Amino acid sequence: TTRTPEFLGLGQNADLIPESDSASDVVIGVLDTGAWPESKSFDDSGLGPVPDSWKGACETGTNFTSSSCNKKLIGARYFYNGYEATLGPIDTSKESKSPRDDDGHGTHTSTTAAGSVVERASLFDYAEGNARGMATRARVAAYKVCWIGGCFSTDILAAIDKAIEDGVNVMSMSLGGGTSDFYRDSVAIGAFAAMEKGILISCSAGNAGPSSYSLSNVAPWITTVGAGTLDRDFPAYASIGNGQNYSGVSLYRGSELPGKLLPLIYAANASNSTNGNLCMMGTLTPDKVRGKIVLCDRGVNPRVQKGAVVKAAGGAGMVLSNTAANGEELVADAHLLPATSVGQNSGDAIKKYISTESDPTVTILFEGTKVGVKPSPVVAAFSSRGPNSITPNILKPDLIAPGVNILAGWSGAVGPTGLATDPRRVEFNIISGTSMSCPHVSGLAALLKGAHPDWSPAAIRSALMTTAYVQYKDGQNLLDIATGKESTPFDHGAGHVDPVKALNPGLVYDLTADDYLSFLCALNYTAQQINSVARRKFDCDASKKYSVNDLNYPSFAVNIETSRIGSGSGGFTVVKHTRTLTNVAAKGDYMVSITTMSPAVKISVEPQMLSFSEVNEKKSYTVTFTVSSMPSDENSFGRLEWSDGKHIVASPIAISWS
Amino acid sequence: AAAEAKQKSERATYIVHMDKSEMPTSFEHHTHWYDSSLKSVSDSARIIYTYNNAIHGFSTRLSPQEADSLAAQPGILSVLPELRYELH
């Protein structure tokens with residue numbers, strides 16, 4: 001990626017990041033659409049031999065040989081038996097029956113995590129810079145599990161099965177399904193086995209935001225990653241006939257519009273279809289759009305497809321307007337015709353202009369790449385949000401990372417829009433999603449693993465979470481682009497990842513597989529259900545009181561069922577959470593501080609000071625939440641911090657009344 | 001033949017979770033046990049994958065009746081229908 005290393009502080013702090021052998025011994029397994037091995041991001045110059053611990057393989061198949069792998073892309077496998085069992089034989093005229101990535105997504109995610117440095121990378125000169133993965137010395141193993149027809153749980157589970165056997169250290173999965181209990185969710189079950197082997201599993205939170213309860217991959221042994229913006233933009237203004245300019249974004253490069261205003265038409269007025277405003281395939285009337293710039297509404301079909309529909313109908317350009325679902329979030333696309341995406345407010349204003357002007361006109365002014373955009377990051381509107389619908393007492397997402405307009409490697413088999421009608425081929429592409437934020441965290445986890453080979457997956461996640469930030473440099477709280485207001489832990493989890501601080505967190509919240517088994521007991525899982533997840537018998541101790549609140553998680557979620565408090569205004573609930581901190585730094589005396597946002601919640605911590613005198617020393621504390629009754633669907637937030645003056649070990653707090 | 005063809009057309013993919021500790025001692029290897037369990041409910045169903053690390057079990061295509069029958073066999077923890085995931 002370009003820009004994200006600098007945005008994350010990796011560029012300025014290169015000397016802090018280990019480039020030792022231990023860093024190059026870390027293997028990131030990416031379960032996705034495969035890899036395009038010819039990508040310059042898979043160049044293995046300067047890398048030593050493949051780690052001795054590696055037991056993986058470079059499988060052969062369509063247009064993919066064992067020599068497609070090297071010392072960067074050290075493994076490549078493909079899993080299609082489940083896919084073929086359901087959908088029939090793979091059509092090799094449309095996709096490669098091999099690890100080769102015909103889609104681009106897998107190359108993008110894997111190069112984001114661990115791509116080598118490529119100088120002067122760009123997409124049509126947009127976002128130009130030195131592209132690199134987060135862990136440039138880590139190795140990549142690609143596990144192709146997603147095909148044109150989707151990603152099947154049988155294939156995903158087979159890939160996890162093999163990745164564990166192969167010896168990956170980090171597993172990156174930018175995919176998800178519906179929400180289901182952990183014992184029914186193949187990704188959650190496979191991730192449990194991986195976690196037990198010391199593998200950190202990083203998954204995307206999903207793109208179903210800004211709706212609440214929209215998260216995927218919420219098992220507590222998974223690191224769940226939401227998406228934020230960078231400080232980079234690609235401005236392209238819609239300049240309308242009355243002299244007004246409206247800000248938009250675009251990655252269009254190609255034939256320019258004539259240097260004059262062109263007729264502007266709203267798609268809904270150029271269609272006989274009831275949803276003509278969406279510029280769906282075959283819905284525009286060519287006679288009405290020919291030579292004009294068409295305003296289309298975002299939603300339902302892919303954004304780039306709307307551009308292709310306008311182009312096919314003879315349109316000269318497109319203004320793509322957000323609706324309420326996306327608000328002011330601007331996602332740039334490499335459209336096939338001159339086009340810009342504008343926010344809902346601008347879109348509404350342009351529509352009003354169209355409806356009131358007899359001969360509305362517009363042109364689009366492309367401004368290239370702009371960096372230093374403030375505020376940044378802001379939580380992406382599409383990023384899935386909490387509360388956690390499976391276990392409300394575990395706060396998810398865990399954290400956010402860059403996921404909007406991310407440049408990374410791309411497949412040579414498909415154009416930047418992914419459309420079959422796009423003849424262009426690019427080495428890098430710019431796309432958005434929690435798919436893009438997930439591999440950022442996977443790569444950063446690999447960096448931490450290289451620096452601290454003895455840390456458990458939970459310790460690495462803890463370091464990433466407790467050092468994440470929730471304020472801009474000017475002290476203002478992070479914003480949510482969906483609302484324009486401050487974001488909450490249900491949007492950003494612990495905050496935005498800060499890898500430099502994560503390298504030295506001071507204290508960590510560690511967890512073992514047994515802790516997660518106790519967690520399953522607390523969920524009242526049956527012996528069979530626990531066995532399904534853990535692959536072994538585990539008897540919950542009938543004499544022991546298990547509590548989800550005692551899972552040693554680096555964040556706090558308290559869910560109050562209002563019906564249990566009663567409808568009276570004087571009721572309150574007392575909830576206790578116990579946590580244990582492990583010292584991973586020099587000795588220190590840590591004092592606790594708490595911030596809360598609601599008088600309805602009183603929080604106390606006992607003890608208020610923890611003294612550590614040696615590495616790996618553990619100290620426990622208890623947090624007591626005294627929560628007054630509130631109407632259901634109310635939320636309140638806070639933050640608990642331990643600090644020794646050098647480190648700040650921070651945890652978000654989310655209280656919800658349901 | 002018609003009945004078998006109909007049954008095949010009704011089949012869906014399932015992931016079968018096995019309790020390895022329940023494997024009868026008569027089996028030398030767990031894969032033989034998996035195979036035998038599957039054969040006990042279907043002559044024609046085949047194992048798609050055998051899982052050794054992520055879960056103990058296998059995937060296969062079964063009719064709903066076969067899936068119910070398999071779920072009732074000893075040593076079977078669950079028979080879960082396959083799910084389709086999507087890229088984010």
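Side-chain atoms are counted along with the backbone in the values below, which use heavy atoms only and exclude waters and symmetry mates. Everything quoted here is computed from the prediction, not taken from an experiment. We name chains A, B, ... by the order of the sequence lines, and we start the count at 1 in each one.
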Greatest number of heavy atom pairs closer than 4.5 Å to chain B - which of [options]:
{"options": "A/Ser384, A/Gly190, A/Ser174, A/Gly150", "value": "A/Ser174"}
{"options": "A/Ala163, A/Ala191, A/Gly149, A/Gly403", "value": "A/Gly149"}
{"options": "A/Thr434, A/Asp103, A/Ile160", "value": "A/Thr434"}

Practice problem: Mind telling me whether A/Phe192 and A/Tyr516 have parallel, tilted or perpendicular rings, with 30° and 60° as the class edges? | Solution: perpendicular
Quiz item: For the residue pair A/Tyr525 and A/Phe182, does the interplanar ring angle fall in the parallel (under 30°), tilted (30 to 60°) or perpendicular (over 60°) class?
Solution: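 The rings of A/Tyr525 and A/Phe182 sit tilted, inter-plane angle from 30° to 60°.
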So, [X] versus [Y]: side-chain donor-acceptor pair below 3.5 Å or not?
{"X": "A/Ser435", "Y": "A/Ser204", "result": "no"}
{"X": "A/Thr109", "Y": "A/Asp32", "result": "yes"}
{"X": "B/His30", "Y": "B/Asn52", "result": "yes"}
{"X": "B/Ser21", "Y": "A/Arg535", "result": "no"}

Can you say whether [X] sits under 4.5 Å from chain B via the side chain, the backbone, both, or neither, judging by heavy atoms?
{"X": "A/Ala194", "answer": "neither"}
{"X": "A/Val145", "answer": "neither"}
{"X": "A/Ser532", "answer": "both"}
{"X": "A/Tyr83", "answer": "neither"}
{"X": "A/Ser216", "answer": "side chain"}
{"X": "A/Thr33", "answer": "side chain"}
{"X": "A/Ile189", "answer": "both"}

Lys/Arg-Asp/Glu bridge criterion (N-O < 4.0 Å) met for [X], [Y]:
{"X": "B/Glu22", "Y": "A/Lys537", "result": "yes"}
{"X": "B/Glu66", "Y": "B/Arg11", "result": "yes"}
{"X": "B/Arg61", "Y": "B/Glu10", "result": "no"}

Quiz item: Can you tell me how far OG1 of A/Thr417 sits from CG of A/Asn429, rounded to the nearest 0.5 angstrom?
Solution: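 Here the rounded value is 8.5 Å.
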Exercise. Working to the nearest 0.5 Å, report the span between CG of A/Asp185 and OG1 of A/Thr179.
Key: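 Going from the CG atom of A/Asp185 to the OG1 atom of A/Thr179 covers 9.0 Å.
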Quiz item: Can you list every pair that meets salt bridge (Lys or Arg N to Asp or Glu O under 4.0 Å) and has a residue in residues 166-181 of chain A, with sequence neighbours left out?
Solution: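 Only A/Arg77-A/Asp166 qualify under salt bridge (Lys or Arg N to Asp or Glu O under 4.0 Å).
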Please flag which part of [X] lies under 4.5 Å from any non-hydrogen atom of chain A: side chain, backbone, both or neither.
{"X": "B/Ile55", "value": "both"}
{"X": "B/Tyr49", "value": "side chain"}
{"X": "B/His88", "value": "both"}

Quiz prompt | Residue-level contacts of residues 76-86 of chain B with chain A, using a heavy-atom cutoff under 4.5 Å | solution = B/Ile76, B/Leu77, B/Ser78, B/Leu80, B/Glu82, B/Leu83, B/Arg84, B/Tyr85, B/Glu86
